[in-house]
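Notes follow the structure.
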Amino acid sequence: MDISKGLKKYFTTQLLSWHRNDNDRNLPWKNEQDPYKIWLSEIILQQTRALQGMPYYLRFTETYPTIADMAAAKDEDVFRIWQGLGYYNRCKNMLATARLVTTEFGGKFPDTYEGIISLKGIGPYTAAAIASFAYGLPHAVVDGNVYRVLSRYFAIETPFDTTEGKKQFATLAQELIDPAHSQGYNQAIMDLGATVCTPRNPLCDQCPLQKNCVAFHQNLTTLLPVRSKKITVATRHFNYLVIKWADRIWLRKRTGKDIWENLHEPLMIETEQAIDKKELLQITSFKELQLEYGSIDFAGNGTQRLTHRIIESRFFTVDVEEKPSFIPEDGFWATPAELATIAFPKTVLSFLRNNLYF
DNA sequence: AAATCGGGGTC
DNA sequence: GACCCAGATTT
């Protein structure tokens with residue numbers, strides 16, 4: 001990189017000035033002092049918009065005011081609160097970290113960058129955010145906002161989703177941070193990216209950096225930042241058998257390194273293509289269940305659009321009078337009361353609620 | 001280096 | 001429909 005010192009100096013000075021005088025973005029975790037709550041907010045906000053994460057942050061801080069409270073909670077209770085937020089390994093790692101800090105560190109959150117980044121679920125971004133916001137340490141955050149603001153202001157065309165790009169932006173960000181005002185700098189660059197230097201239709205007329213922004217003057221804002229890879233979306237077909245016996249339905253917790261790990265669902269048979277009831281009855285794995293499928297009915301479907309997947313779900317209800325013997329052993333018969341205490345994928349939750357299972 | 005992991009907002 | 005969001009982890 002060959003960027004003049006003046007251009008960098010102007011960037012930092014203007015950014016901090018804007019933050020002090022004109023930044024009116026107000027969020028509940030801003031100016032928070034408690035490392036636990038700062039950490040909690042950063043985990044929730046990974047790949048998650050602030051407005052989407054806010055109700056979850058408020059519920060978590062209300063339910064678990066301290067990290068010891070979270071550490072003492074039952075896994076299921078924590079996952080239930082996380083339900084609907086996505087990327088459920090964040091929840092799993094968060095719980096593991098809460099328990100490690102509570103039991104091994106006496107409840108004291110690590111206060112060095114190296115100590116922070118060694119924790120599960122914490123990478124370069126989150127470690128820099130906690131280090132600066134909680135302890136004033138001079139580590140520059142690099143998130144999606146930073147890629148956008150820096151790539152435009154300096155007209156950097158290196159794709160940010162490559163090893164080279166990540167290194168280049170991280171180095172530049174670290175050069176730009178004011179070590180004496182690391183919290184303000186990190187807060188400012190993310191707030192500017194979220195409210196002014198937006199992905200589409202940025203508010204350049206309100207931008208404190210416009211005077212020296214290369215992308216603005218060369219009309220490149222719509223071309224920056226550059227992403228190298230395109231997202232490919234594959235479709236999966238999940239066929240759910242909602243088996244009801246007495247007032248209970250059969251559920252199991254998803255395991256393995258797959259989508260929705262640790263969430264619950266009815267018995268599910270995945271197929272390459274969408275199938276109807278007639279085709280379902282021909283599937284070997286279905287026949288092996290030896291259900292009284294005279295009562296099986298197609299009961300609805302759902303489409304869940306994710307970033308890189310489309311999940312097409314079909315729900316079939318199976319009412320049985322006798323408790324089936326050939327159901328897999330890794331599940332349980334859930335009562336209506338239990339359904340309200342465990343976590344489901346959104347599409348499963350919608351089906352159960354819409355069909356008055358609880 | 002590339003693939004995975006959710007769900008919602010925006011245009 | 002495509003892209004993005006206070007990214008991290010595994011393959």
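Within every chain, numbering begins at 1; the chains are lettered A, B, ... in the order of the sequence lines, protein sequences first and strands thereafter. Note that the coordinates shown come from a computational prediction; the quantities given were computed from them, not determined experimentally.
Rounded to whole Å, the separation between the P atoms of C:dA6 and B:dC11 comes to 14 Å. As rounded to the nearest Å, B:dG6 and C:dT11 have P atoms that lie 15 Å from one another. Annotation: C:dC5 and B:dC5 have their C1' atoms spaced 14 Å apart (nearest Å).
Nearest-nucleotide mapping onto DNA chain B: of A:Asn201 and A:Asn89, the residue sitting toward the 5' end is A:Asn89. Along DNA chain B, the nucleotide nearest A:Arg200 and the nucleotide nearest A:Lys229 are compared for position; the residue whose nucleotide lies closer to the 5' end is A:Lys229.
Evaluation of the ring pair (Phe, Tyr, Trp, His ring centres under 6.0 Å) test over residues 189-241 of chain A, restricted to residues two or more places apart or in two chains, returns A:Phe238-A:Trp260, A:Tyr240-A:Phe315. Residue pairs meeting the salt bridge (charged side-chain N to carboxylate O under 4.0 Å, His left out) criterion with at least one member in residues 255-264 of chain A, sequence neighbours excluded: A:Arg236-A:Asp258, A:Arg254-A:Asp258.
Between A:Asp161 and A:Lys229, at least one side-chain N (NZ, or NE/NH1/NH2) sits under 4.0 Å from a carboxylate O, which counts as a salt bridge. Salt-bridge check for A:Asp111 with A:Lys108: passed, with a basic side-chain N closer than 4.0 Å to an acidic carboxylate O. Ionic pairing of A:Arg99 and A:Asp75 is present here: one or more N-O contacts between side-chain nitrogen and carboxylate oxygen are shorter than 4.0 angstrom.
The distance between atom CG of A:Leu192 and atom C1' of C:dC5, rounded to the nearest whole Å, is 16 Å. Following rounding to the nearest Å, A:Leu263 (CG) and B:dG6 (C1') show an atom-to-atom distance of 10 Å. What separates CD of A:Gln83 from C1' of B:dG7 is a distance of 12 Å, to the nearest Å. Straight-line distance from the CZ atom of A:Arg309 to the P atom of B:dG8: 18 Å, rounded to whole Å. Straight-line distance from the CG atom of A:Leu306 to the P atom of C:dG1: 15 Å, rounded to whole Å. A:Leu203 places its CG atom 14 Å from the P atom of B:dT10, with the value rounded to the nearest Å. Atom-to-atom, CH2 of A:Trp82 to C1' of B:dG7 comes out at 12 Å; the value is rounded to the nearest Å. Note: CE (A:Met54) to P (B:dG7) measures 20 Å, nearest angstrom.
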Base versus backbone protein contacts along nucleotides 6-11 of chain C [heavy-atom cut-off under 4.0 Å; B, S, -]: BBSSSS
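Here OG1 of A:Thr317 is found 6.5 Å from CZ of A:Phe351. Values are rounded to the nearest 0.5 Å.
Nucleic acid contact class of A:Glu261 (heavy atoms, under 4.0 Å, all strands): none.
Taking only side-chain nitrogens and oxygens, A:His308 never comes nearer than 4.0 Å to OP1 or OP2 of B:dG6. At least one side-chain nitrogen or oxygen of A:Trp260 sits closer than 4.0 Å to the OP1 or OP2 atom of B:dG7. Using a 4.0 Å cut-off, no side-chain N or O of A:Arg227 falls inside it from OP1 or OP2 of C:dC3.
Judged by atom type and distance alone, A:Gln52 does not reach the base of B:dG8 through any side-chain donor-acceptor pair under 3.5 Å.
The aromatic ring centroids of A:Phe316 and A:Phe298 lie less than 6.0 Å from each other.
Side chain to side chain, A:Thr48 and A:Arg90 meet the donor-acceptor criterion of an N or O pair below 3.5 Å.
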